[in-house]
Amino acid sequence: MKNLNSFDLPESNRLQRNFFQRDPETVARELLGCGFAHRCGDEWLGGWIVETEAYLANDDPACHGARGPGSSNASMFAEAGSLYVYPIHAKFCVNLVTEGVDIGSAVLIRAIEPVWGIDIMMQNRGTTDPRRITSGPGMICSAMRVDRSSDGIDVTRSSEWILGVGHQVNHKVIATPRIGIREAADLPLRFFVDGNRYVSGLARQHSRPRRDVLGQINQRSS
DNA sequence: GTACTGATCGGCT
DNA sequence: GCCGATCAGTACG
């Protein structure tokens with residue numbers, strides 16, 4: 001098992017508050033290629049982010065913050081860099097709060113390429129199929145053991161979480177409408193790494209076969 | 001590979 | 001009760 005804090009995702013790579021204090025569209029794009037990991041006891045669980053969606057503070061009825069703060073979405077209005085975890089269809093999804101306090105915008109993490117604690121994540125998901133571990137927002141939360149107890153945690157400071165700079169993927173990001181929403185279903189606010197095999201959704205939205213893996217690119221260049 | 005269906009359950013009204 | 005930023009299973013090309 002790889003040691004998360006040796007070379008893959010050192011503490012010095014951790015994203016700081018100012019990274020998140022920008023509009024959610026920019027943050028969603030730039031989170032692609034970053035490492036996202038949760039520590040459970042001695043084991044780190046997580047991987048490289050390959051698919052995200054932005055939810056805007058203004059003119060976005062699909063955003064959970066659109067009707068202002070309430071008991072279930074309060075952390076969407078917390079400090080930028082906080083986790084917003086909510087339940088949906090008997091599963092959980094995890095977001096990162098953007099901009100700042102009282103704004104109500106966030107980025108949904110839709111898919112990661114599994115890297116750390118893969119065997120534990122396979123156990124948590126009840127499958128050995130690599131493409132069924134973290135290729136969807138509900139899958140990520142069950143694989144990485146995220147539930148409402150993580151809601152509101154500040155990932156720029158928590159010792160149980162790290163979100164850090166990883167791979168450069170700016171040149172191969174594709175934008176499409178967001179998945180599974182009824183309102184504002186036309187806005188192109190979903191972003192993913194072109195050709196990555198762990199992205200959810202339709203293969204034909206990629207410009208090439210969905211086979212690439214960020215970790216392999218890393219091995220080739222090192 | 002794509003399209004469609006229905007189970008599931010926390011948090012709301 | 002009702003709803004949903006989902007997913008697994010099924011059917012089909």
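So that the names make sense, note that chain A is the first sequence line, chain B the second, and so on, each numbered from 1.
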**Prompt:** When we call it a touch if two heavy atoms are under 4.0 Å apart, what does A:Tyr86 touch: a base, just sugar-phosphate, or nothing?
**Reply:** base
**Request:** Could you check how far CE of A:Met139 sits from C1' of C:dT6, rounded to whole Å?
**Result:** 8 Å
**Base-pairing assignment for C:dC2 (Watson-Crick or G-U wobble, both under 3.5 Å)** = B:dG11
**Prompt:** Are any side-chain N or O atoms of A:Arg210 and backbone N or O atoms of A:Tyr198, one a donor and one an acceptor, separated by less than 3.5 Å?
**Reply:** no
**Request:** Using atom types as modelled and distance alone, determine if a side-chain donor or acceptor of A:Asn73 lies under 3.5 Å from a backbone N or O of A:Gly70.
**Result:** yes
**Request:** Using whole Å, report how far NE2 of A:His89 lies from C1' of C:dT6.
**Result:** 6 Å
**Asked** Which whole-number value in Å describes the distance from A:Ile179 CD1 to C:dC7 P?
**Response** 9 Å
**Request:** Calculate the interatomic distance between A:Ile140 atom CD1 and C:dT6 atom P; express it in whole Å.
**Result:** 11 Å
**From B:dT2, C:dA5, C:dA8, nucleotide with atom closest to A:Met76 side chain** = C:dA5
**Message:** Using whole Å, what does the distance between atom C1' of nucleotide B:dA3 and atom CG of A:Leu202 come to?
**Reply:** 9 Å
**Request:** Specify whether A:Trp48 and A:His167 have parallel, tilted or perpendicular ring planes, treating 30° as the upper limit for parallel and 60° as the lower limit for perpendicular.
**Result:** perpendicular
**Prompt:** For the pair made of CZ in A:Arg132 and P in C:dT6, what is the distance, rounded to whole Å?
**Reply:** 16 Å
**Item:** A:Arg148 vs A:Arg131, nearer the 5' end of DNA chain B by closest nucleotide
**Value:** A:Arg131
**Asked** Of the nucleotides B:dA3, C:dT6, B:dC12, which one has an atom closest to the side chain of A:Ser71?
**Response** B:dC12
**Prompt:** Is a side-chain N or O of A:Asn13 found less than 3.5 angstrom from the main chain of A:Val165, in a donor-acceptor match?
**Reply:** yes
**Asked** Taking the side chain of A:Arg125 as heavy atoms from C-beta outward, which of C:dA5, B:dT2, C:dA8 is closest to it?
**Response** C:dA8
**Worked verdict on A:Tyr86 versus A:Met76 for side chain to side chain contact (heavy atoms under 4.5 Å, CB included)** = CA-CA 10 Å; A:Tyr86 70 92; A:Met76 262 205 92; over 6 Å; no
**First of A:Arg210 and A:Ser72 reached from the 5' end of DNA chain B, by closest nucleotide** = A:Arg210
**Message:** Quiz question: going by heavy-atom distance under 3.5 Å, is there a donor-acceptor pair between the base of C:dA5 and the side chain of A:His64?
**Reply:** yes
**Message:** What is the distance, to the nearest angstrom, from the CG atom on A:Leu108 to the C1' atom on C:dT6?
**Reply:** 11 Å
**Message:** For a quick check of understanding: with a heavy-atom distance under 4.0 Å over all strands, which category does A:Ala62 fall into, base, sugar-phosphate or nothing?
**Reply:** base
**d(CZ, A:Phe92; P, B:dT8) in whole Å** = 17 Å
**Message:** Quick check on C:dT6: is either OP1 or OP2 less than 4.0 Å from any side-chain nitrogen or oxygen of A:Arg110?
**Reply:** yes
**Message:** Quick check on DNA chain C: between A:Lys91 and A:Arg182, whose nearest nucleotide comes earlier from the 5' end?
**Reply:** A:Arg182
**Prompt:** Would you call A:Tyr55 stacked on C:dA5, i.e. ring centres under 5.5 Å apart with the planes less than 30° off parallel?
**Reply:** yes
**Request:** Would you indicate what A:Arg67 reaches in the nucleic acid, counting non-hydrogen atoms under 4.0 angstrom: base, sugar-phosphate, or nothing?
**Result:** nothing
**Prompt:** Within 45 degrees of the axis of the six-membered ring of A:Phe20 and under 6.0 Å from its centre: does A:Arg17 put its NZ or CZ there?
**Reply:** no
